[in-house]
Protein chains: 2
Amino acid sequence: MTPRATIADVARVAGVHPGTASRALNRKTEGQVNTETAGRVRAAAKQLGYIPNSIARGLRTSSSMTIGVIIPDLTNPIFPPIVRGIDSHLAPHGYSAVIVNTDGSDATERLVFESLVQRQVDGFIFATGHSGHSIAGEAYERGIRAVMVNRDSRGVPFPAAVGDDAHGIRQSVEHLHQLGHRRIAHIAGPPTFSTSQVRAEAFVAACADLRIQGEVFRAPAYSVEAGQTVMDAVLEQSGFPATAVVAGNDLLALGVYHSLRMHGLRCPDDVSVIGFNDMPFAGDFQPPMTTVRTPHFELGVESARLLLNQIENSVLTALRVVLPVDLIVRASTGPAAENIAFS
Amino acid sequence: MTPRATIADVARVAGVHPGTASRALNRKTEGQVNTETAGRVRAAAKQLGYIPNSIARGLRTSSSMTIGVIIPDLTNPIFPPIVRGIDSHLAPHGYSAVIVNTDGSDATERLVFESLVQRQVDGFIFATGHSGHSIAGEAYERGIRAVMVNRDSRGVPFPAAVGDDAHGIRQSVEHLHQLGHRRIAHIAGPPTFSTSQVRAEAFVAACADLRIQGEVFRAPAYSVEAGQTVMDAVLEQSGFPATAVVAGNDLLALGVYHSLRMHGLRCPDDVSVIGFNDMPFAGDFQPPMTTVRTPHFELGVESARLLLNQIENSVLTALRVVLPVDLIVRASTGPAAENIAFS
DNA sequence: CGTAAAGCTGCAATCGATTGTGGCAAAAAC
DNA sequence: GTTTTTGCCACAATCGATTGCAGCTTTACG
């Protein structure tokens with residue numbers, strides 16, 4: 001219940017001026033003070049259990065040592081690893097991350113953004129895929145530092161850390177091709193996400209290269225429900241007799257699983273399915289999912305590194321770092337079925 | 001690039017003193033200023049795009065409007081829902097959460113704790129299960145406000161929001177009993193977690209009540225690997241011919257799945273398995289998992305509510321809120337097998 | 001020995017907002 | 001008509017740390 005010791009208390013005990021005490025306690029300035037004096041100050045600080053008030057420091061130095069991380073939904077399993085990667089790079093540098101969700105809503109994105117600039121965060125990491133009139137552009141105009149992770153920065157010149165999505169899709173299509181599939185459906189995410197675009201484009205390009213029939217269907221969201229709904233439509237209405245589907249991400253693929261099951265079709269016997277991301281436990285699904293592994297943790301690390309470089313050294317080390325991805329073959333893909341029952 | 005407007009700027013434009021501007025802009029004090037004047041101030045604020053510097057405010061009011069949330073590992077799928085629940089209650093009240101991971105390490109727990117008190121967080125939410133010489137006791141002695149979520153507060157008089165674990169276990173055992181199981185193994189989590197204790201105790205109590213054989217085995221961690229290792233031992237060395245296992249949580253149950261598969265045993269045909277938590281996608285596993293649903297989101301909400309009550313009203317509304325749980329029966333449980341192959 | 005340079009440390013301003021106190025003027029009370 | 005009350009606002013202190021500047025002492029050097 002005793003009030004925390006301030007630097008003035010430390011100075012008094014050490015018999016020096018608060019300014020001197022401050023210098024003695026800071027790495028950057030401790031060279032300016034006599035070694036013996038500095039020792040006395042440190043001793044006093046330890047004795048009093050002095051903990052610097054970072055709010056006061058922040059006021060003076062106009063930095064809060066916190067980074068705002070804006071994600072659509074922490075419940076989406078790809079984000080926890082990203083967040084951990086971010087944190088693992090931030091913490092050793094003395095920064096903390098405050099994570100906020102937008103639920104995909106543009107309005108709450110703006111809301112939390114404002115709330116965070118009010119908090120004087122030193123920078124932002126955007127993991128939201130929204131590409132429309134997102135706040136990124138506004139942030140840039142306000143001179144706010146930021147980076148993107150797992151998405152591209154559509155026009156806004158912020159650095160970005162992304163996976164090599166195009167290559168992952170290409171691998172997926174080739175894998176299916178080798179298994180004999182010649183008619184493949186792609187269930188793409190919402191067009192507002194930059195990832196949806198590049199994956200869809202890579203898909204059509206790969207199909208063209210291999211001279212196989214590829215059709216893309218757009219899901220309204222990256223969710224299990226959306227995947228199921230779209231797959232229902234593919235099966236019931238599209239008239240496209242696909243023997244395999246490459247989904248925009250694992251959630252959509254899971255929705256495809258559900259739809260298949262509802263239609264009495266088996267995976268991979270009747271239809272092969274490939275996901276994207278290799279989310280945690282993807283290997284425990286029924287069947288274990290073939291999917292493209294994206295290094296989410298490392299993506300987080302890289303994005304944090306990009307941001308901190310920008311903040312502390314005021315330099316852009318890179319405008320874009322792309323990390324390799326890998327196709328993980330499990331049990332949701334198999335030889336193309338001869339004929340499949342369409343309604 | 002123009003420096004942000006301060007309250008002094010607003011005051012100048014509105015032709016009033018900064019103190020007056022401050023009062024005009026704050027809900028609690030706007031009654032102290034003339035309505036017409038307040039309007040002028042608000043207009044000026046809007047015109048300048050004034051955003052209060054919450055660091056400066058925090059220095060004066062000695063509150064940061066942030067809450068520290070300490071969890072073992074964000075990657076564990078039960079925590080994202082809890083965090084979202086916390087956030088959903090905090091945000092409308094103007095608070096932000098800063099989430100840190102400890103990786104179960106006592107040392108880093110202490111580290112992040114210190115880092116957060118230095119950040120002047122207004123309170124803590126502990127989701128770490130560690131019960132030994134945790135920092136909770138120290139926090140209490142320092143007069144720091146905190147609550148526990150998903151764990152009990154062993155001796156430390158902090159409020160806690162928990163699920164009715166004992167009841168969940170009882171339901172599980174009864175469910176198995178009805179299916180004809182008479183020899184059940186319980187794979188408990190590490191004894192340092194309060195949840196492990198109450199679940200294990202509830203298990204032996206339930207078995208005693210129903211007069212069936214129950215044996216408990218301890219896992220060194222709440223992880224898939226630990227679950228597999230322990231189940232391996234149960235099958236190969238224990239000599240306990242269980243026809244069913246109730247796992248301490250879903251991760252352990254997943255490990256049991258793996259072990260079973262490795263031993264050529266099928267679930268639920270040979271051995272029934274029940275998890276705990278109903279983590280996301282538990283219904284998509286192979287087989288879909290029977291498990292106890294814990295309302296994690298609501299647990300987060302309740303813990304945040306408990307903490308905010310303590311902070312803002314300085315009252316303890318409750319020392320302990322326990323939320324109901326439910327057994328979700330899926331496909332990992334079935335009638336007891338006649339005889340099961342043990343090595 | 002004198003002067004210049006270097007090394008330390010104290011002083012005070014500063015970051016941007018909040019808030020107790022006091023003063024002035026208008027309204028109310030007598 | 002005078003006094004008291006009330007309403008509104010200005011003033012200035014304050015939160016706790018950082019930092020440019022100046023002054024003092026000590027060392028170095030010619």
Side-chain angles (χ1 to χ4, degrees), chain A residues 2-42 44-45 48-66 94 115 117-122, chain B residues 2-42 44-45 48-66 94 115 117-122:
Chain A
T2 51
R4 259 201 274 288
T6 73
I7 200 161
D9 299 325
V10 174
R12 197 174 317 116
V13 170
V16 298
H17 189 272
T20 306
S22 170
R23 279 185 264 261
L25 261 20
N26 270 305
R27 281 258 160 270
K28 322 225 163 197
T29 50
E30 68 179 342
Q32 302 174 24
V33 41
N34 186 295
T35 314
E36 190 268 336
T37 310
R40 224 167 57 239
V41 172
R42 272 194 290 270
L48 295 177
Y50 170 67
I51 302 173
N53 183 327
S54 52
I55 299 232
R57 173 183 312 185
L59 179 56
R60 183 61 224 251
T61 62
S62 67
S63 88
S64 59
M65 300 300 276
T66 70
S115 141
V117 322
Q118 169 167 358
R119 274 200 142 64
Q120 316 288 119
V121 299
D122 296 330
Chain B
T2 51
R4 258 199 275 290
T6 72
I7 200 162
D9 300 324
V10 174
R12 197 172 319 114
V13 170
V16 298
H17 189 272
T20 305
S22 170
R23 277 185 259 260
L25 261 20
N26 270 304
R27 281 258 160 269
K28 321 223 167 203
T29 50
E30 66 178 343
Q32 301 174 27
V33 42
N34 186 296
T35 313
E36 190 268 338
T37 310
R40 224 165 58 238
V41 172
R42 272 194 290 270
L48 296 177
Y50 169 68
I51 303 173
N53 183 325
S54 53
I55 299 230
R57 173 184 313 187
L59 178 56
R60 183 61 224 253
T61 62
S62 69
S63 90
S64 59
M65 300 300 275
T66 70
S115 140
V117 322
Q118 170 167 356
R119 273 200 143 61
Q120 316 287 122
V121 298
D122 297 331

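Per chain, numbering begins at 1; letters A, B, ... match sequence-line order.
- Every side chain to side chain contact (heavy atoms under 4.5 Å, CB included) that Val117(A) has, sequence neighbours left out, goes to Phe113(A), Glu114(A), Phe124(A), Arg142(A), Ile144(A), Ile51(B).
- Of all heavy-atom pairs spanning Ile55(A) and Gln120(B), the tightest one is CG1-CG, 3.3 Å.
- With sequence neighbours excluded, no residue forms a side chain to side chain contact (heavy atoms under 4.5 Å, CB included) with Arg60(A).
- Interface residues of residues 30-42 of chain B facing DNA chain C, ordered by number: none; criterion, heavy-atom separation under 4.0 Å.
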For residues 14-28 of chain A, which side-chain donor-acceptor pairs fall under 3.5 Å, sequence neighbours excluded?
from, atom 1, to, atom 2, distance (Å)
His17(A), ND1, Gly19(A), N, 2.9
Asn26(A), ND2, Ser22(A), O, 3.3
Arg27(A), NH1, Glu30(A), OE2, 2.7

Shorter than 3.5 Å, N or O on both sides, protein versus nucleotides 19-25 of chain C: list them out with atom names.
from, atom 1, to, atom 2, distance (Å)
dG20(C), O6, Arg23(B), NH2, 2.7

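- Across all strands, Thr6(A) comes closer than 4.0 Å only to sugar-phosphate atoms, never to a base (heavy-atom distances).
- Taking the 5' to 3' direction, DNA chain D first and last meets chain A under 4.0 angstrom from a heavy atom at dG16(D) to dG20(D).
- The list of side chain to side chain donor-acceptor pair (under 3.5 Å) pairs with a residue in residues 31-41 of chain B, not counting sequence neighbours, reads Glu36(B)-Arg40(B).
- Here the CG atom belonging to Leu48(A) is positioned 11.5 Å from the CD1 atom belonging to Ile7(A), to the nearest 0.5 angstrom.
- Take Arg57(B) and apply the side-chain hydrogen bond (donor to acceptor under 3.5 Å, both in side chains) test, not counting sequence neighbours, and it matches no residue.
- Nearest heavy-atom pair, Val10(A) versus Ala45(A), reported as atom, atom and distance to 0.1 Å: CG1-N, 3.9 Å.
- Taken over five-pair windows at either terminus, the axes of the helix from dC1(C)-dG30(D) to dC30(C)-dG1(D) are inclined to one another by 40° (rounded to 10 degrees).
- Distance CD/Gln118(A) to OH/Tyr50(B): 8.5 Å, rounded to 0.5 Å.
- Qualifying salt bridge (charged side-chain N to carboxylate O under 4.0 Å, His left out) partners for Asp122(A), counting only residues two or more places apart in sequence or in other chains: none.
- With sequence neighbours left out, Arg119(A) forms a side chain to side chain contact (heavy atoms under 4.5 Å, CB included) with Ser115(A), Leu116(A), Val121(A), Ser54(B), Met65(B), Thr66(B), Ser96(B).
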